[in-house]
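These notes concern the structure reproduced below.
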Amino acid sequence: MPVLPDRVDRDAPAHAERREALLGLLAEHDRQLALANAGGGERYVERHHKRGKLLARERVELLLDPDSPFLELSPLAAWGTDYTVGASVVTGIGVVENTEVLIQAHDPTVRGGAVNPFGAKKQGRASQIARENRLPVVNLVESGGADLPTQSEIFIPGGAGFRDLTQKSAAAIPTLSLVFGNSTAGGAYVPGMSDYVVMVEGRAKVFLGGPPLVKMATGEVSEDEELGGAEMHARVSGLADYLAVDEQDAIRIGRQIVRRLNRRKLGPAPAASYSEPLYDVDDLLGIVPTDLREPFDPHDVLARILDGSEFDEFKPLYGSSLVTGFGQLHGYPIGVLANARGVLFAEESEKAAQFIQLANQSDTPLLFLQNTTGYMVGKEYEQRGIIKAGAQMINAVSNSDVPHLTINMGASYGAGNYGMCGRAYDPRFLFAWPNAKSAVMGPAQLAGVLSIVARASAEAKGAPYDEAADAAMREMVENQIEAESKALFLTARVYDDGIIDPRDTRTVLGLALSVIHNNEIQGRRGFGVFRM
Amino acid sequence: MISRLLVANRGEIARRVFRTAREMGISTVAVFSDPDAATPFVREADHSVRLAGSTPADTYLRGDLVIAAAQQTGADAIHPGYGFLSENAEFARSVISAGLVWVGPPPDAIEAMGSKLGAKRMMRDAGVPTLPWAADITAAAEVGYPLLVKASAGGGGRGMRIVRDQADLAEAVEAASREAAGAFGDATVFLERYLDAPRHIEVQVLADSHGNVVSLFERECSIQRRHQKIVEEAPSPVVDEALRNQLGAAAVAAARAVGYVGAGTVEFVMTADGTFFFLEMNTRLQVEHPVTELITGLDLVRLQLHVAAGEPLPATALAPTIDGHAIEVRLYAEDACNGFLPVTGTLRSFEVPAGVRVDAGVESGSEVSPYYDAMIAKVISHAPSRGESAGRLAAALAASRLHGVTTNRDLLVRILREPEFLAGRTDTGYLERHDPAVLGAPLLDADAGQVAHLAAAALALQTVSRAAARVWSGLPSGWRNNPATMQRVTLNADGCEAAVSYRFGRDGAITMDVDGRPVEVALHSAENHVVDATISGTRRRYHVVIAPSGETVDVDSSLGASSYRVVPRFADPADQVAAGSLVAPMPGAVVRVLVSQGATVSKGDPLVVLEAMKMEHTVASPADGTVVELRVEAGKQVDAGAVLAVVEGPAG
């Protein structure tokens, strides 16, 4: 089988420079993760621990099988906003009793685990992942409900969370709620809509309205425990299926439930044995330039993430700005589309459309390695129908039924983002490297376009053009677009599922491939493959 | 000729005799008690017969059953081993009268020596030096203090008491009699002058029915705990050629005096100046016979069988020579640091490296039952010199994998490496001068060694949990894209808990701390029970065995040995049932109240019986505790949820 060569010059000064630059970005990413992990800060963490309670991530750890991996999703949601980094909730995919599950855990040290608009978005995304991949959902509940000052942004769309829960149940995707503390008002419907409910004695409080609200609504005087205590729900209302004596016990019961879920994966099993890549994954840090104008060869990336560094390239001589081909990753077959020199021409678009159809014929999941500045512009290309060619590619991506995985390795601009399966094209997972950027176009181009339009408008009015103001405008716009196209900005808005260390790419993809195989892998059939 | 041999014994000695029998083409028969049913000696025998029961009195001491077993299986000879019926003249006579070959001395010789008192008289008459003694306890003053109260029929240290003051005499006599009656079925005791910390020297003799009696040299068995030998060697480091000849002559004279035939041992006590006194003669094969075998190159069991078959001793036995030095240690399932308390349980591993002789009654997985002697094996080394022999034995013991049951291994290793022992200054007071609690302390250093073993255990556990994973098994151990916390395992070593936290980084880098203290660790490989790791700067191979249940981890390395219990991540739910009030599960009538207020109850005890819908429901105590409230009486109608009783657990 064709094995990719090792072409990386590790001694080149440029290699070291690129490595340094990327390590710098990773260090910044680590700092942000540390902020997310700190939750509501030392004081709240200490208070929480003093009450004999576990932190959100401690609950998750205890739930997981020992030594098993865990992929946290959107860990930096709400970065750069008024909310705490991480958006007061932990979501991720882990293994419980040898079953892949989606876990959602409120962080009660951040405003009592109240859900803010970013947290809602993060949870919505996690819920989508669970549905698409048929993952059982384990909710580790302790939340005061909606963050009231922002209720207008949460209340109406947030209702979808409860609908999602019960729709998952209808699709035979099990849902569990382990209630550690408050789960009130709308939050009460999380256990309410779950298949299995465990409540911690003396801690869980599940009611539609707390004592003050009840007093206001009906004049009745009542206490927490009788309104929604765990014992009451276990013995009287029946909302709790299991009464746990403490947090550890609740997690033990949660694991016990998952053990009996009898989950079977619908997709085919991976190859029983496979080879690791031949080359050191550490090289990736020196391969990727931080200056997006500098292209790099995705073969060097594939050589470090595919099993045995083996890659069967498809149509290598045609439309060579996009690399397509088949390989295997952690034992799973995979089709790859990777940008080689940024720009997508008609040939690349046609090649992509054809290749996507082929993958659908053979039920092979697709991996998109993005590094694109978009479809080629210009008179010649427009006249030769670049829109039609790009439309073919976007059509193929949109209507492809095999699961897609997307990694933004660098640039993802313009309609190239669409053709290369950007967020709006619903890849099952989308991760970004810390150097990645994405926007409608580059900051300088965008500012320039605005400047040209303004100048034309001034000219049309016969007004004099303020050059100083133009320069200031361009600088401002450029800075704004630059900031808004950065990986941290995008991940903050849950436009990806997280920023990953390039050295973890193979691990993350292997994990994601395993996850998507919980569902059927079935390509779209219909017409025969159109030769483009 | 003997063609089928029954061994009226168990454990290591049964296996030992079977081994030679097999080599001689003699088929083998075992008898076994119920606790021994699954032990190696039974499995290794060609035929085996169950002796129903557990105690020796019900099984191995039942001569009638043993003879019946021999007849049932067509055995033509019985070897008694040591202990049990080996020095029971009546049994020997029954064997002979049943038409079977008795592999042992003539019953009269057993009887003569079996009565310690009679033996002493006979020895005195034969010119063998004896200690002052008296059969009559009122003659204590003539014997002189300190004195020893001994079971006349005894051996092996049982039924023995040292008395230093007349005031303690009566009590010691009573205790010794009681113990003797229990162990040997004969309560007779006598008094003998006690030498403080003499050497214990014994001579192996061998006699045939053709008038040959030969000495196979001495053994030194001075290192004893509670009169039980634990280290034995041959030759003695203090016996020179002249003394050896005197000892041999005395031993041969003793054997001749009783018309001895077969293998026997004449025991002497010896003072520092080389003066020796007859102690007793053991009319059987001794536990420590292997050291004699190794230095003479003779197989004593083979010679016993030849003699029993009426053959003369071969030339090799008649002109024995000494080659090198042999040391035997007795490995006991006991806690040397805790007053040599016997320990029982499952021996999870029993592996001794090659290069030494191992006579063992157990193997990995064996149960050590409380019914019999706690000795699980003898380990014997043979080398050109005493020092080398001790070194080799210590190394073999230190490298042995012994887990599941506490043994005296560490004590034995320390003795074999202790300067006074190495200098040959051994006497029966050795373990009084050297505190066994200190000498028997774990070889594994409590600090750095323990940390290294804990680290190795954690690394092995994670390897096993990854290997058992059915999903994501190809992904890195404990991988996190957001490494917020560490993996954590809590291990319990003899009641002390230690938490090991770790996280795998890239390229095998591991962040680890043991009980909060950082440990520098690099893992090179972990497979087939071997963890190859550099811990705190030194690379070693740690042999780690995790029980299939995952509950225990046994670690051996050049640092020592340790065993851990893995503390479960979650408490047992059975321990978590909330005690407190007991409520009626449904409406009904109280039929019976089975306890009264203030009663102490155990978990699961029935407290109240209700009748509802023609069915009786028993309400049981959810925990151990006291019934502090009883709210119902028979006949009372109760609603569902009504509190029937309140049980409170022990305070605290």
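Bear in mind the structure is a predicted one, so any value in this text is a computation, not a measurement.
For chain B, no part of A/Arg506 is nearby; none of its heavy atoms comes within less than 4.5 Å. For A/Leu64, the parts lying near chain B are the backbone and the side chain together; criterion is any non-hydrogen pair under 4.5 Å. Heavy-atom distances place the side chain of B/Arg506, and not its backbone, under 4.5 Å from chain A. Within the 4.5 angstrom heavy-atom criterion, no atom of A/Leu243 approaches chain B. Contacts between A/Ile499 and chain B at a heavy-atom distance below 4.5 Å are absent for every atom of the residue. Interface residue B/Arg466: only side-chain heavy atoms are found under 4.5 Å from chain A. With a 4.5 Å cut-off on non-hydrogen atoms, B/Phe504 does not touch chain A at all. Interface remark: A/Asn37 contributes side-chain atoms only to the contact with chain B (heavy atom separation under 4.5 Å). The contact between A/Leu511 and chain B is made by backbone and side chain atoms together, counting heavy-atom distances below 4.5 Å.
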Apply side chain to side chain contact (heavy atoms under 4.5 Å, CB included) to A/Glu61 and B/Arg569, showing your working.
CA-CA 11 Å; A/Glu61 288 291 339; B/Arg569 290 207 296 169; over 6 Å; no
Requested in this report: For B/Val471 and A/Lys265, run side chain to side chain contact (heavy atoms under 4.5 Å, CB included): C-alpha distance rounded to whole Å, both residues' side-chain angles, the deciding distance at 0.1 Å, then the answer.
Outcome: CA-CA 11 Å; B/Val471 285; A/Lys265 296 173 91 160; 4.2 Å; yes
Salt bridge (charged side-chain N to carboxylate O under 4.0 Å, His left out) assessment of A/Glu58 paired with B/Arg488
CA-CA 11 Å; A/Glu58 290 170 342; B/Arg488 186 184 162 93; over 6 Å; no
Would B/Asn481 and A/Asp501 count as a side-chain hydrogen bond (donor to acceptor under 3.5 Å, both in side chains) here? Give the steps. CA-CA 8 Å; B/Asn481 58 325; A/Asp501 187 321; over 6 Å; no
Q.
Run A/Val95 and B/Arg470 through side chain to side chain contact (heavy atoms under 4.5 Å, CB included) and show every step you take.
A. CA-CA 10 Å; A/Val95 178; B/Arg470 294 199 296 272; over 6 Å; no
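Two residues are said to be in side-chain contact when any heavy atoms from C-beta on lie closer than 4.5 Å; A/Pro66 and B/Val489 fail this criterion. With contacts defined as side-chain heavy-atom distances shorter than 4.5 Å, the pair A/Asp249/B/Phe570 does not qualify.
Atom-to-atom distance recorded for A/Leu73:CG and B/Asn482:CG is 11.0 Å, nearest 0.5 angstrom. Interatomic distance, B/Leu475 CG to A/Phe70 CZ, rounded to the nearest 0.5 Å: 14.0 Å. A distance of 5.5 Å separates CD in A/Glu100 from CH2 in B/Trp472, rounded to the nearest 0.5 Å.
Ranked by non-hydrogen atom pairs under 4.5 Å with chain B, the options A/Gly94, A/Ala269, A/Pro270, A/Ala244 are led by A/Gly94. Most heavy-atom pairs under 4.5 Å with chain B, from the set A/Arg255, A/Glu72, A/Glu276, A/Gln248: that is A/Glu72. Contact count against chain B (heavy-atom pairs under 4.5 Å) is highest for A/Ile93 among A/Thr99, A/Ile93, A/Val508. Interface check for chain B: of the options A/Pro75, A/Ala34, A/Ala36, A/Ser68, the most heavy-atom pairs under 4.5 Å are formed by A/Ser68.
Between the side chains of B/Gln462 and A/Asp67, no donor N or O sits under 3.5 Å from an acceptor N or O. A/Thr507 and B/Trp479 are not linked by any side-chain donor-acceptor pair at a separation below 3.5 angstrom, with hydrogens and angles left out of the test.
The environment of CD in B/Glu551 is sparse: at most 12 heavy-atom neighbours from other residues, nucleotides or ligands sit within 6.0 Å. Under a cut-off of 6.0 angstrom, the local environment of CD in B/Glu611 is crowded, with over 12 non-hydrogen atoms contributed by other residues, nucleotides or ligands.
Annotation for A/Pro69 and B/Pro476: closest pair CG-O, 3.6 Å, computed over non-hydrogen atoms. When all heavy atoms are compared, the tightest approach of A/His330 to B/Gly474 is CE1-O, 3.5 Å. The two residues B/Ala484 and A/Arg57 have their closest heavy-atom pair at CB-CD, 3.4 Å.
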